[in-house]
Trainee: 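Structure incoming, see below.
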Amino acid sequence: MLRNIMLGTVLFGASACSWVEDRSDRYMTVKPAEPLVIPEPFEGKVALDDRYPIPEAEKAFIAKGSFKVPAAPQPQSEISESLFSVRKSDDAVWLSTSEPPGRIWPAMKQYWESHGADVSEDRIEEGVMVVEFPATSAKASSWTRRHKLSMPASDPTGSVAMEVEVTQGLKKKSSEIRVQSLDYRLSRSSAADGAGEETLEPGRSPELMLKSLAYGLSQSVSDYNTYSLVAQRIDSEQRVKLLTEGLTVPYIQVKLGEGRAWFELEQAVQKTRFDLIDQNRANGRLYIQYDESRSNEEPGFMASWFSDDEDSDTDRLSDEYNFQIELRRVSDELRVYVLPRTAGVPFDISTLSGNEQHRADSLTILNEVMEKLG
């Protein structure tokens, strides 16, 4: 009987849903009501205001066709991605952030300590912080296990130590964080027995740790108001700089190794609005299409059908790019130049002097590349 009552209740609830009127679009047909009349005894004694005031609009948006309201972004997704990102180049991995070292240093120290770690060395002038996760701490042990850094069974009371380095980012007011080394610090009893320290494999888990650090800092750095004036000294000078003053041919000065410089340049160009057609790392060139007046639309079917068949494939391919971005070593520094498509390899930069149109195009391209670097 109880089962029959429950079944009847479910069926009644399911059928009752169809009896409830859908009022979701009723507001579209509602007519304005009569003005609210205040009884005389209450006039002037009660303050009345609109609970949900509707602002006056001078112009109304009218969609020409179908219109779909875009979905709201995920909270903090864009902020986190723009402020903190783990990057990899060849065998190197680091955490890049647009926060200055003076702000990152105390926030990073707080992050380690919140996970049970001890900052055993704080060499701010060098940008080096040595962090130890003692095995006797439940918080620290939990963090090391998640990052595959658990202490060996032979010494359950030691600690996992790592050296973290903070350096100047590519631009002013930015930072880069790297895990320089990882090893096991033995407990006093094990050290007294003559056991040697065990070094962790280099590159074993820095990426995973840096991702955790990036997430932790993205959640707390905006609320952390402490600033290290000593760590501010790490913020010396930007390592990429656009030089234009007094130069007929502008260029970006890059103070990086060649491998890192190529990686950053390639990444930056891919983020621009220019089409990256091809690249050749051997001669340090990226081939792009840049033309403000050229339409990005593909030719239609009829246009391709009646096109001139006498043009060779080589001619059509050569027209796909019109500028080359070159990473070139000049004396003891690396430079990024913009060259016309007709430039050979090698190319004499001095032949571009006095060409105002090319200088204007170069500045446009270099400015956008400079904005995307880092």
Side-chain angles (χ1 to χ4, degrees), residues 82 89 98 169-172 174 237-300 303-304 307-308 311-374:
S82 62
S89 170
S98 56
L170 293 190
K171 301 178 182 178
K172 294 283 287 182
S174 66
E237 61 176 348
Q238 63 190 86
R239 291 186 282 173
V240 291
K241 185 186 300 182
L242 177 59
L243 300 179
T244 60
E245 188 173 354
L247 299 173
T248 54
V249 182
Y251 65 88
I252 296 177
Q253 181 187 67
V254 184
K255 296 182 179 180
L256 297 169
E258 291 191 16
R260 172 75 188 278
W262 175 262
F263 169 79
E264 294 291 351
L265 181 60
E266 180 187 9
Q267 294 290 309
V269 172
Q270 289 178 352
K271 296 176 185 176
T272 64
R273 58 192 169 90
F274 314 130
D275 294 329
L276 178 59
I277 306 302
D278 200 359
Q279 55 188 358
N280 188 329
R281 186 169 181 174
N283 60 23
R285 293 200 177 188
L286 297 160
Y287 304 90
I288 66 167
Q289 173 58 248
Y290 162 70
D291 191 343
E292 292 283 1
S293 60
R294 183 175 180 177
S295 172
N296 291 325
E297 296 180 0
E298 296 292 334
S304 62
S307 61
D308 188 358
D311 291 341
S312 66
D313 292 340
T314 303
D315 291 338
R316 286 197 293 270
L317 287 173
S318 65
D319 288 337
E320 287 185 355
Y321 73 92
N322 56 1
F323 283 97
Q324 306 168 55
I325 301 177
E326 181 185 70
L327 179 65
R328 170 181 293 203
R329 179 167 290 280
V330 179
S331 298
D332 59 344
E333 71 175 17
L334 288 172
R335 298 179 180 180
V336 176
Y337 285 102
V338 173
L339 310 175
R341 180 173 64 87
T342 55
V345 180
F347 181 76
D348 186 4
I349 297 295
S350 62
T351 59
L352 294 176
S353 300
N355 189 330
E356 293 299 324
Q357 181 59 49
H358 178 266
R359 188 176 192 277
D361 292 336
S362 294
L363 283 175
T364 301
I365 296 171
L366 289 175
N367 267 302
E368 187 155 345
V369 171
M370 183 70 185
E371 181 184 348
K372 303 299 183 182
L373 281 170

Trainee: Flag the pair Asn322 / Gln289 as yes when at least one side-chain heavy-atom distance between them is below 4.5 Å, and no otherwise.
Mentor: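 They are in side-chain contact.
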Trainee: At what distance, to the nearest 0.5 angstrom, does CD1 of Ile325 lie from CD1 of Ile288?
Mentor: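 Atom-to-atom, Ile325:CD1 and Ile288:CD1 are 4.0 Å apart.
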Trainee: Do you know the tightest heavy-atom contact between Leu327 and Ala261?
Mentor: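 Distance-wise, the nearest heavy atoms are CD2-CB, 4.0 Å.
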Trainee: Please test Leu366 against Val336 for side chain to side chain contact (heavy atoms under 4.5 Å, CB included), starting from the C-alpha separation and ending with a verdict.
Mentor: CA-CA 8 Å; Leu366 289 175; Val336 176; 4.2 Å; yes
Trainee: With a 3.5 Å cut-off and sequence neighbours excluded, list the donor-acceptor pairs that the side chains of residues 241-250 form with protein atoms.
Mentor:
residue	atom	partner	partner atom	Å
Thr248	OG1	Ser353	OG	3.2

Trainee: Heavy-atom distance under 4.5 Å between the side chains of Arg260 and Leu170, does that happen here?
Mentor: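 Arg260 vs Leu170: side chains touch.
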Trainee: For residues Glu326 and Tyr251, determine if any side-chain heavy atom of one lies less than 4.5 Å from a side-chain heavy atom of the other.
Mentor: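 No. Closest side-chain heavy atoms not under 4.5 Å.
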Trainee: List for me each residue that meets side chain to side chain contact (heavy atoms under 4.5 Å, CB included) alongside Glu371, sequence neighbours excluded, and say none if there are none.
Mentor: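 Residues passing side chain to side chain contact (heavy atoms under 4.5 Å, CB included) with Glu371: none at all.
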Trainee: For a 4.5 angstrom cut-off between non-hydrogen side-chain atoms, does Tyr290 reach Thr364?
Mentor: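 A side-chain contact exists here, since the closest heavy-atom pair is under 4.5 Å.
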Trainee: Under the side-chain hydrogen bond (donor to acceptor under 3.5 Å, both in side chains) test, which residues partner Lys372, sequence neighbours left out?
Mentor: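 Per chain and number, Lys372 pairs via side-chain hydrogen bond (donor to acceptor under 3.5 Å, both in side chains) with no residue.
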Trainee: State which residues pass salt bridge (Lys or Arg N to Asp or Glu O under 4.0 Å) with Arg359; sequence neighbours excluded, sorted by chain then number.
Mentor: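 Here no residue qualifies.
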Trainee: Keeping the roles fixed (side chain from Gln324, backbone from Pro340), state whether a donor-acceptor pair exists under 3.5 Å.
Mentor: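 Yes; at least one donor-acceptor contact below 3.5 Å.
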Trainee: Distance from Leu373 atom CG to Leu265 atom CG, nearest 0.5 Å?
Mentor: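 Spacing of CG (Leu373) from CG (Leu265) equals 7.0 Å.
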Trainee: Mind checking what makes salt bridge (Lys or Arg N to Asp or Glu O under 4.0 Å) contact with Arg281, not counting sequence neighbours?
Mentor: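 Residues passing salt bridge (Lys or Arg N to Asp or Glu O under 4.0 Å) with Arg281: none at all.
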Trainee: Quick one: does Lys171's side chain have a donor or acceptor within less than 3.5 Å of a partner on Ser98's backbone?
Mentor: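 Looks like no, no N/O pair under 3.5 Å.
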Trainee: Do Asp275 and Tyr321 come close enough that some side-chain heavy atom pair is under 4.5 Å?
Mentor: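 No. Closest side-chain heavy atoms not under 4.5 Å.
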Trainee: Hey, which of Thr272, Val269, Leu363 is the one that makes side-chain contact (heavy atoms from CB on, under 4.5 Å) with Glu368?
Mentor: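 Per the side-chain contact (heavy atoms from CB on, under 4.5 Å) rule, the option paired with Glu368 is Thr272, out of Thr272, Val269, Leu363.
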Trainee: Are any non-hydrogen side-chain atoms of Leu339 and Arg285 less than 4.5 angstrom apart?
Mentor: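 Yes, close enough: below the 4.5 Å cut-off.
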Trainee: Can you tell me how far apart CZ (Arg239) and OG (Ser174) are? Round to the nearest 0.5 Å.
Mentor: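 If I round to the nearest 0.5 Å, the distance is 8.0 Å.
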Trainee: Sequence neighbours left out, what passes salt bridge (Lys or Arg N to Asp or Glu O under 4.0 Å) with Lys271? Give chain and number order.
Mentor: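 Lys271 satisfies salt bridge (Lys or Arg N to Asp or Glu O under 4.0 Å) with no residue once adjacent residues are dropped.
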Trainee: Mind listing the closest non-hydrogen atom pair of Gln270 and Leu276 along with its distance?
Mentor: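 Here Gln270 and Leu276 meet closest at CG-CD2, 3.8 Å.
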Trainee: Could you tell me if Arg335 and Tyr337 have a donor-acceptor pair between their side chains, going purely by distance under 3.5 Å?
Mentor: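 Looking only at side-chain atoms, Arg335 and Tyr337 do form a donor-acceptor pair, the distance falling under 3.5 Å.
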Trainee: Between Trp262 and Leu256, is the side chain to side chain contact (heavy atoms under 4.5 Å, CB included) condition met? List the steps.
Mentor: CA-CA 9 Å; Trp262 175 262; Leu256 297 169; over 6 Å; no
Trainee: Would you give the length of the straight line joining atom CZ of Phe274 to atom CD1 of Ile365, rounded to the nearest 0.5 angstrom?
Mentor: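 Between atom CZ of Phe274 and atom CD1 of Ile365 there are 5.0 Å.
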